[in-house]
Amino acid sequence: MTGGTDVPRDDTADATATDDARRAAIVTVSYNSHDVLPPFLASTPAASASPVEVVVADNDSADADALRSVSEQSGARFLELGENRGYGAAVNRAVATLDRGVRWVLVSNPDVVLGPLALDRMIDTASADPTIGAVGPKVLEPTGEVYPSARLVPSLRTGLGHALFANVWPGNPWTRRYRQEGEQDTRRDAGWLSGACVLVRRDVFDRLGGFDEGYFMYFEDVDLGWRIGRLGLRNVYEPAATATHVGGTATQGSSERMRRAHHESAYRFLAGKYRAWWLWPLRAALRVALAVRAHLTHTR
């Protein structure tokens, strides 16, 4: 500095830079979601103190025109895909349409109601540590019970134990360890965060190529969390942010198809994670365990 003259501080520029660093978008996927999409969209403005872009990617809903109307009336952008590409693929298409200046993407089911300032609180947590790749809120059931949304990445051992005993012995040690139950009120690291509501750094999402579209539904969030961890980044559970999973009717009548998809996705993930040839006996055991679980859940 010369002549003793202070350079004036540009507070407006500082504020703009801060706003750019926190710029976020919310992405959801609709599939005959007429009963849940309106309350979800109604909850998005209060999730942040700043304006947030909302994109609804539609997987060929029978009531797409009505969903478009509801979305646009709420200020959201409606992206009609024309076919059912699956959850992860629909999210990927929506994220690809976002402006490059969007730094954070909140991926959420449409049957969720976001809590006040939930998005801001997740961004606060992630912004404080560049090693955090994703943040998940405390997910509540309509009863107020906490859903175990921040879990360990399953291993073959926990996967086998959970598959075999979860429905007949709910308190078994493999399921308890996998679901991390009893650790719902403290911020902590997790192996993966439920795709029902998860905030991901945009650059991390893009670097990973988004969700693996080989998963039509289920386990795409497990796989994303696992890949975030393999980058050396953290998945963090933030209970100060909340979201309520209200559930919907879009999947009623398709429980058998969904159960089959869940077990196929579980096998795909674990078989891919443990692909060494000498692990084939364990992969075979996993296939049998998942078949047993499918039978048990079908007959209950």
Joint cluster assignment, L67 & Y31, ILVMFWY side-chain distance < 4.5 Å: no
Value rounded to 0.5 Å, distance of CG in L98 from CD1 in I26: 11.0 Å
For R188, all residues meeting side chain to side chain contact (heavy atoms under 4.5 Å, CB included), sequence neighbours excluded: A150, Q180, E183, Q184, A190, Y237
V55 versus A94, closest heavy-atom pair with distance: CG1-CB, 3.9 Å
Full working for side chain to side chain contact (heavy atoms under 4.5 Å, CB included) between R93 and R85: CA-CA 10 Å; R93 299 303 182 276; R85 299 171 181 242; 3.1 Å; yes
Atom pair CH2/CZ of W192 and R227 - distance to nearest 0.5 Å: 14.5 Å
D221 vs V198 side-chain heavy atoms within contact, under 4.5 Å: no
Which pairs of donor and acceptor atoms, one on a side chain in residues 133-147, lie under 3.5 Å apart (sequence neighbours left out)?
residue : atom : partner : partner atom : Å
K138    : NZ   : D185    : OD1          : 3.0
T143    : OG1  : E145    : N            : 3.4
Y147    : OH   : R151    : NH2          : 3.2

Distance-only donor-acceptor check, side chains Y87 and N109, under 3.5 Å: yes
Any donor-acceptor pair under 3.5 Å from D212 side chain to E220 backbone: no
With sequence neighbours excluded, residues passing side chain to side chain contact (heavy atoms under 4.5 Å, CB included) with N92: F205, F211, E213
Atom pair CG (D58) and CG (D63), whose distance is rounded to the nearest 0.5 Å: 7.5 Å
Hydrophobic cluster membership, W226 vs I228, 4.5 Å side-chain cutoff: no
Ion pair R234/D129, N-O distance below 4.0 Å: yes
Residues forming a side-chain hydrogen bond (donor to acceptor under 3.5 Å, both in side chains) with D99, sequence neighbours excluded: R23
N59 side, atom CG; L81 side, atom CG - distance, nearest 0.5 Å: 5.5 Å
Cation-pi, F219 ring and R268 (6.0 angstrom, 45 degrees): no
Which atom of P116 lies closest to which atom of R121, heavy atoms considered: O-NH1, 3.6 Å
Cluster overlap V107 with L193, hydrophobic side-chain contacts below 4.5 Å: yes
Partner of L79 under side-chain contact (heavy atoms from CB on, under 4.5 Å), chosen from V29, T97, V27: T97
What donor-acceptor contacts under 3.5 angstrom involve side-chain atoms of residues 41-54, with partners at least two apart or in another chain?
residue : atom : partner : partner atom : Å
S43     : OG   : F40     : O            : 2.7
S43     : OG   : L114    : N            : 3.0
T44     : OG1  : L41     : O            : 2.7
S48     : OG   : S50     : N            : 3.1
S48     : OG   : S50     : O            : 3.3
S48     : OG   : D120    : OD1          : 2.7
E53     : OE2  : R77     : NE           : 3.3
E53     : OE2  : R77     : NH2          : 2.7

Same apolar cluster (I L V M F W Y, side chains within < 4.5 Å links), L117/L119: no
Minimum heavy-atom distance V56-S30, with the two atoms named: CG1-OG, 3.5 Å
Nearest-0.5 Å distance that lies between atom CD in E238 and atom CD1 in I123: 12.5 Å
L224 and L208: CA distance, side-chain angles, deciding distance, side chain to side chain contact (heavy atoms under 4.5 Å, CB included) verdict: CA-CA 8 Å; L224 183 70; L208 292 171; 4.0 Å; yes
Side chain proximity check, T125 to L199, heavy atoms < 4.5 angstrom: no
Pairs meeting criterion salt bridge (Lys or Arg N to Asp or Glu O under 4.0 Å) with involvement of residues 191-204, two or more places apart: R202-D206
Nearest heavy atoms of V246 and V113, plus distance in Å: CG1-CG2, 4.0 Å
Other residues, nucleotides, ligands: >12 heavy atoms within 6.0 Å of D189 CG: yes
Minimal non-hydrogen separation, W104 against A21, with atom names: NE1-O, 2.9 Å
Reported CG-to-CG distance for the pair N32 and L37, which is rounded to 0.5 angstrom: 11.5 Å
Cluster check L231, V95: I/L/V/M/F/W/Y, side chain < 4.5 angstrom: yes
